[in-house]
Amino acid sequence: MGAIRLVFAVASYLLFFVTFLYLAAFVGNLFVPKTIDAGGVLGPVPAAVVDVFLISLFGLQHSVMARSGFKRKLTQFVHPSIERSVYVLATVGVLWIMFALWQPIPAVVWAAEGTAAVVLWALFAIGWTIVFLSTWMLDHFELFGLRQAWFGFTGKNDHAPKFREPMFYRYVRHPLYFGMLMAFWAIPVMTVGHLLFAGVMSVYVLMAIRWEERDLTHALGEAYTDYRKRVGMIVPGIGKAR
Ligand SMILES: C[S@@+](CC[C@H](N)C(=O)[O-])C[C@H]1O[C@@H](n2cnc3c(N)ncnc32)[C@H](O)[C@@H]1O
C-alpha cells in the first residue's frame, strides 16, 4: 500500500506542477487557448457572477481543506501520509474547473506600451519566480506532500512541522503570497475580467493569511508569535503584530 500511496503522491505533484504552469499562462494570456481573457460566452454581469463563484470555490477548497479539523476528519478515510497529496489534487481539480468555466470580461482597464509594458512583464515573471523560490525556501517537497508520502513508504517517523525563517521569510512573513499578488496585478493589458480576478484573489489572500497565521501560531507557538511582531506581513516592515 505504501508504494501505491507514493505513486499517488508523485502523480498529484506532477499534475500540480503542470497546473501551476497553466495558471501562469492562463493569467498572463500566454501560449494556451483558454486564458483569463479568451474563450467566454456570457455578458459582463453573468460573467462576473460566474467568475466570483469560481474564485470562491478555489478559496473554499483551499482554506477549508487546510484547517486542522478538516485534516483530522480526512485522515479517518485516507492514510495520513497522503493527506497533503489529496489537498494538492483537490487544488488541481478546482483550478481546472476555473480554467474551463472562467468567463472573460474583455473591456480594457489599462493597456501599457513600450517600456511600461516591458516593466510589467518583468514584474509578472519576477512574481511567479518568487512564488516558485518561496516553495523551496520553506520546504518544496513537504508543501506538495512528497515528503510525507516518502516517510509513509519508508516507515520512518516524519518530524513535526517546525518554524522556518529562511531568506525571503526574513523580510516578509508571506513571500509566496506576495509573489502571487505581483503576478496577478502586473500585466500590460488589464481587462475588467483580469481586474476582477486580481481583486477578489487579493481579498482572499488577506483572509487566508489570517487563518494560516492562526494555525501557525497554534502549531508553532512562541516562535511564530514573536515572528509576527518582528517581521512585516507582505511588505517589509508593514503589518507587524502588536
Ligand atoms: C502555500 S504555503 C504559503 C506560505 C506563506 N504564507 C507565504 O506566503 O510564503 C502555506 C504553508 O506554509 C506553512 N508556513 C508558512 N509560513 C511558515 C513558516 N514561517 N515556517 C514554517 N511553515 C510555514 C504553513 O503551515 C502552510 O502549510
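In each ligand, atom 1 is the first atom listed, and ligand 1 is the first ligand listed.
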Below 4.5 Å, heavy atoms only, C-beta onward: do Pro106 and Asp37 meet side chain to side chain? no
Is any side-chain heavy atom of Ile234 closer than 4.5 Å to one of Leu206?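 When only atoms from C-beta onward are counted, Ile234 and Leu206 do touch, with a gap below 4.5 Å.
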Pair Trp102 and Phe197, ring centroids less than 6.0 Å apart: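 Centroid distance Trp102-Phe197: below 6.0 Å, so yes.
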Quick one: look up the protein heavy atom nearest [atom] and list residue, atom name and how far away it is.
| atom | value |
| --- | --- |
| atom 9 (O) of ligand 1 | Tyr169 OH, 2.5 Å |
| atom 15 (C) of ligand 1 | Glu212 OE2, 3.4 Å |
| atom 2 (S) of ligand 1 | Leu143 CD2, 3.7 Å |
| atom 24 (C) of ligand 1 | Leu216 CD2, 3.8 Å |
| atom 8 (O) of ligand 1 | Tyr177 N, 3.0 Å |
| atom 18 (C) of ligand 1 | Arg164 O, 3.5 Å |

So is Pro175 close enough to ligand 1, meaning a heavy atom under 4.0 angstrom away? yes
Measuring from the heavy atoms of Glu165, does anything fall under 4.0 Å of ligand 1?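 It does not, in that no heavy atom of Glu165 comes within the 4.0 Å cut-off of ligand 1.
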Is there any N or O on [X] that sits under 3.5 Å from an N or O of ligand 1?
| X | answer |
| --- | --- |
| Leu176 | yes |
| Ser134 | no |
| Arg84 | no |

Hey, which of Phe184, Tyr177, Phe178 is the one that makes side chain to side chain contact (heavy atoms under 4.5 Å, CB included) with Val205? Tyr177
I'd like to check which ligand 1 atoms, numbered from 1 as shown, lie under 4.0 Å from a non-hydrogen atom of Lys162.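 Contacts of ligand 1 toward Lys162, numbered from 1: 20 (N), 21 (C).
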Within the 4.0 Å heavy-atom shell around Phe163, which atoms of ligand 1 are there?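 Near Phe163, meaning under 4.0 Å from one of its heavy atoms, ligand 1 has 19 (N), 20 (N).
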Closest non-hydrogen atom pair between [X] and [Y], with its separation:
| X | Y | value |
| --- | --- | --- |
| Ala9 | Gly145 | CB-O, 4.2 Å |
| Tyr13 | His140 | OH-NE2, 2.6 Å |
| Thr225 | Thr217 | OG1-CG2, 3.7 Å |

Going by ring pair (Phe, Tyr, Trp, His ring centres under 6.0 Å), Phe26 matches just one of Trp96, Phe99, Trp128. Which one? Phe99
Would you sort out whether Tyr227 and Tyr224 count as a ring pair (Phe, Tyr, Trp, His ring centres under 6.0 Å), showing the intermediate values? CA-CA 5 Å; Tyr227 183 51; Tyr224 202 80; 5.4 Å; yes
Using a 4.0 Å heavy-atom cut-off, say whether Leu138 meets ligand 1 through its side chain, its backbone, both or neither. side chain
